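Working notes for the structure below.
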Amino acid sequence: MTAPIAVRRLNAADQDFARHLDHLLSWESVSDDGVNQRVLEIIQAVRERGDAALVEYTQRFDGLAVASMADLILPRERLELALTRISPAQREALEVAAERVRSYHEKQKQDSWRYTEADGTVLGQKVTPLDRAGLYVPGGKASYPSSVLMNAIPAKVAGVPEVVMVVPTPRGEINEIVLAAAAIAGVDRVFTIGGAQAVAALAYGTESVPPVDKIVGPGNIYVATAKRHVFGKVGIDMIAGPSEILVVCDGQTDPDWIAMDLFSQAEHDEDAQSILVSPDAAFLDRVAESIAKLLPTMERAEIIRTSLEGRGALIQVADMAQAIEVANHIAPEHLELSVADPEAWLPEIRHAGAIFMGRYTAEALGDYVAGPNHVLPTSGTARFSSPLGVYDFQKRSSIIFCSPDGASELGKSASVLARGESLTAHARSAEYRIK
């Protein structure tokens with residue numbers, strides 16, 4: 001007999017609600033000292049010994065009998081072959097998703113701009129793509145072709161000439177649908193390496209792996225720790241915490257739908273977080289019943305159970321206005337506004353990675369085919385950061401061209417400010433141009 005599931009109930013009217021909520025939300029994505037030290041050793045080895053270190057770590061960690069780096073390089077033809085090995089339905093789904101992701105991200109492209117002032121001075125901004133981007137993809141039994149699309153396509157739309165993908169193949173397990181996604185997304189080079197060693201190779205380069213300008217893509221604690229350490233040498237997308245969903249519901253959506261929406265994030269892993277907020281206490285009861293009813297039907301039932309019992313919650317609020325307050329406090333990765341008129345509440349939402357509007361917009365659609373990126377800020381970082389996008393693969397340079405008259409006029413003010421900071425060379429450099 002399946003044990004009953006107990007998802008915590010919170011009430012915003014309780015005196016200590018804020019303390020309980022903050023405790024529920026707390027998440028520290030930090031490595032322990034052992035992981036940290038091991039990652040630093042791996043990074044140093046890759047920097048010093050290059051390909052030889054990559055081969056050694058792949059033999060040790062992935063259980064592969066590889067003789068040289070040549071065994072860890074997949075040519076473009078191998079990606080094309082994967083397209084023929086997946087089912088027609090899988091290929092069609094990948095192509096539909098890729099087209100939608102590409103179409104959405106095309107609208108994010110930023111162009112260079114400039115304007116000319118009355119005296120002929122020209123100011124502007126030059127937008128340039130990165131030279132090379134690195135994409136980390138989990139390997140083995142894990143299959144995340146959607147992440148390949150979401151990370152590689154914005155880079156290509158931004159104009160990045162070369163996208164380099166690393167994907168481990170533990171015990172020789174090659175995931176054909178991941179390689180097919182790489183072919184469709186336009187990935188240029190693939191290396192079958194993983195872990196902290198792959199991150200180090202992308203950051204510093206080896207004899208075979210070219211150094212990149214930015215590393216994106218999800219990974220385990222070793223990958224996340226390595227990304228943290230190489231940041232500064234290269235850019236990174238983010239240090240992501242566990243997946244999250246917050247559903248705000250007015251009590252009128254089918255409770256089975258809401259339960260399954262909560263499951264959709266809880267099934268990622270035991271640390272994922274699924275929260276429902278509603279002003280309708282009876283509706284929260286019905287969702288709790290749906291959770292109990294549907295959980296035994298799930299393939300990942302034990303993962304979902306652990307996630308919901310450890311980090312999930314059903315929260316009762318006084319009204320929809322308070323529900324939105326709670327949502328802004330949580331600043332969730334995924335926010336479902338499962339209400340009659342989501343447009344009415346949208347202006348009140350200040351912090352969310354992605355906002356799913358209405359009863360029919362399941363978060364799962366955003367993970368795969370809606371179009372917007374599914375790489376989103378977690379752990380409350382939606383307060384200050386944004387989804388991955390084209391802008392993450394572009395950089396902006398300021399343009400300043402002074403006419404003689406402009407240099408003379410601006411030089412007067414610059415001189416005063418520079419001398420106020422006791423930077424005489426600055427002042428005199430400007431003063432030379434004053435007529």
Side-chain angles (χ1 to χ4, degrees), residues 1-14 16-18 20-21 23-25 243-268 270 272-330 332-346 348-349 352 354-367:
M1 183 177 173
T2 305
I5 180 170
V7 183
R8 72 170 48 77
R9 294 286 288 262
L10 298 177
N11 192 318
D14 292 346
D16 54 358
F17 169 71
H20 283 306
L21 180 60
H23 178 73
L24 179 69
L25 298 175
S243 189
E244 311 156 359
I245 186 170
L246 172 64
V247 181
V248 172
C249 187
D250 55 12
Q252 301 303 309
T253 307
D254 187 323
D256 284 1
W257 294 12
I258 299 298
M260 199 59 67
D261 292 352
L262 298 175
F263 287 179
S264 73
Q265 296 310 295
E267 73 175 347
H268 275 291
E270 291 84 352
Q273 185 157 63
S274 300
I275 296 174
L276 168 63
V277 178
S278 178
D280 187 335
F283 178 71
L284 294 178
D285 291 337
R286 291 198 298 275
V287 172
E289 291 167 4
S290 291
I291 288 172
K293 175 185 69 176
L294 295 171
L295 183 62
T297 70
M298 304 306 298
E299 286 184 27
R300 298 186 174 218
E302 285 313 304
I303 292 174
I304 293 170
R305 173 188 296 278
T306 304
S307 167
L308 289 179
E309 290 186 338
R311 303 197 71 222
L314 306 176
I315 301 176
Q316 183 182 346
V317 290
D319 50 31
M320 281 298 300
Q322 188 174 42
I324 299 301
E325 283 181 29
V326 171
N328 281 323
H329 180 79
I330 294 173
E333 178 187 17
H334 307 105
L335 172 62
E336 282 189 9
L337 290 179
S338 192
V339 298
D341 185 7
E343 283 287 351
W345 295 104
L346 184 61
E348 307 303 318
I349 300 297
I355 305 168
F356 299 81
M357 309 271 287
R359 308 193 196 284
Y360 288 88
T361 314
E363 183 280 329
L365 299 181
D367 278 345

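Every heavy atom of this structure was used, including side-chain atoms; hydrogens, water molecules and symmetry mates were not. Everything numeric in this text was worked out from a predicted model, so none of it was measured.
- Smallest separation of non-hydrogen atoms from S307 and A272: OG-O, 2.7 Å.
- Under the 30°/60° scheme for interplanar angles, the aromatic rings of H334 and F356 are found to be tilted.
- A 4.5 Å side-chain heavy-atom check between E325 and N328 finds every atom pair outside the cut-off.
- For residues 272-283, no residue pair satisfies the side-chain hydrogen bond (donor to acceptor under 3.5 Å, both in side chains) rule, not counting sequence neighbours.
- Counting heavy atoms from C-beta outward, L21 and I315 have side chains that approach closer than 4.5 Å.
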*Could you walk me through whether E244 and Q265 pass the side-chain hydrogen bond (donor to acceptor under 3.5 Å, both in side chains) check?*
CA-CA 6 Å; E244 311 156 359; Q265 296 310 295; over 6 Å; no

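- Taking the side chain as every heavy atom from C-beta outward, V277 and Q322 never approach each other to under 4.5 Å.
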*Evaluate the criterion side chain to side chain contact (heavy atoms under 4.5 Å, CB included) for residue pair L246 and E333; output intermediate values, then yes/no.*
CA-CA 8 Å; L246 172 64; E333 178 187 17; over 6 Å; no

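- The only option from V7, L295, I275 that meets the side chain to side chain contact (heavy atoms under 4.5 Å, CB included) definition with L308 turns out to be V7.
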*Verdict with reasoning, S338 to I258, per side chain to side chain contact (heavy atoms under 4.5 Å, CB included)*: CA-CA 9 Å; S338 192; I258 299 298; 3.8 Å; yes

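- The minimum heavy-atom distance linking A266 with I303 is given by the pair O-CG2, 3.5 Å.
- The shortest distance between side-chain heavy atoms of F17 and L10 falls below 4.5 Å.
- Smallest separation of non-hydrogen atoms from L294 and F263: CB-CE1, 3.7 Å.
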_Derivation of the side chain to side chain contact (heavy atoms under 4.5 Å, CB included) call for E336 and V248_ = CA-CA 6 Å; E336 282 189 9; V248 172; over 6 Å; no

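- Taking D14 as the reference, nothing meets the salt bridge (charged side-chain N to carboxylate O under 4.0 Å, His left out) condition, with sequence neighbours excluded.
- A donor-acceptor pair under 3.5 Å links the side-chain atoms of D250 to the main chain of A340, judged by distance alone.
- In this structure, L262 CG and E267 CD are separated by 12.0 Å, a value rounded to the nearest 0.5 Å.
- In summary, R359 and D261 do not engage in a salt bridge, as defined by a charged side-chain N under 4.0 Å from a carboxylate O.
- For the pair R286 and E289, the salt-bridge criterion is not met [side-chain N within less than 4.0 Å of a carboxylate O].
- From E348, atom CD reaches atom CG of L337 across 11.0 Å, with rounding to the nearest 0.5 Å.
- Heavy-atom minimum distance, Q252 versus C249: N-SG, 4.2 Å.
- D367 meets the salt bridge (charged side-chain N to carboxylate O under 4.0 Å, His left out) test with no other residue; sequence neighbours excluded.
- Using a 4.5 Å heavy-atom threshold, the side chains of H20 and H23 count as separate.
- Side chain of R8 to backbone of L314: no donor-acceptor contact under 3.5 angstrom is found.
- Going from atom NZ of K293 over to atom CD1 of I5 covers 14.5 Å, rounded to the nearest 0.5 Å.
- Within the 4.5 Å cutoff, side-chain heavy atoms of I330 are placed close to those of V326.
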*Can you check side chain to side chain contact (heavy atoms under 4.5 Å, CB included) on V339 and W345, steps first, answer last?*
CA-CA 9 Å; V339 298; W345 295 104; 4.2 Å; yes

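- Nearest heavy-atom pair across E363 and I245 is CB-CD1, 3.8 Å.
- Scanning all heavy atoms of the two residues, the minimum distance from T253 to F283 falls at O-CE1, 3.1 Å.
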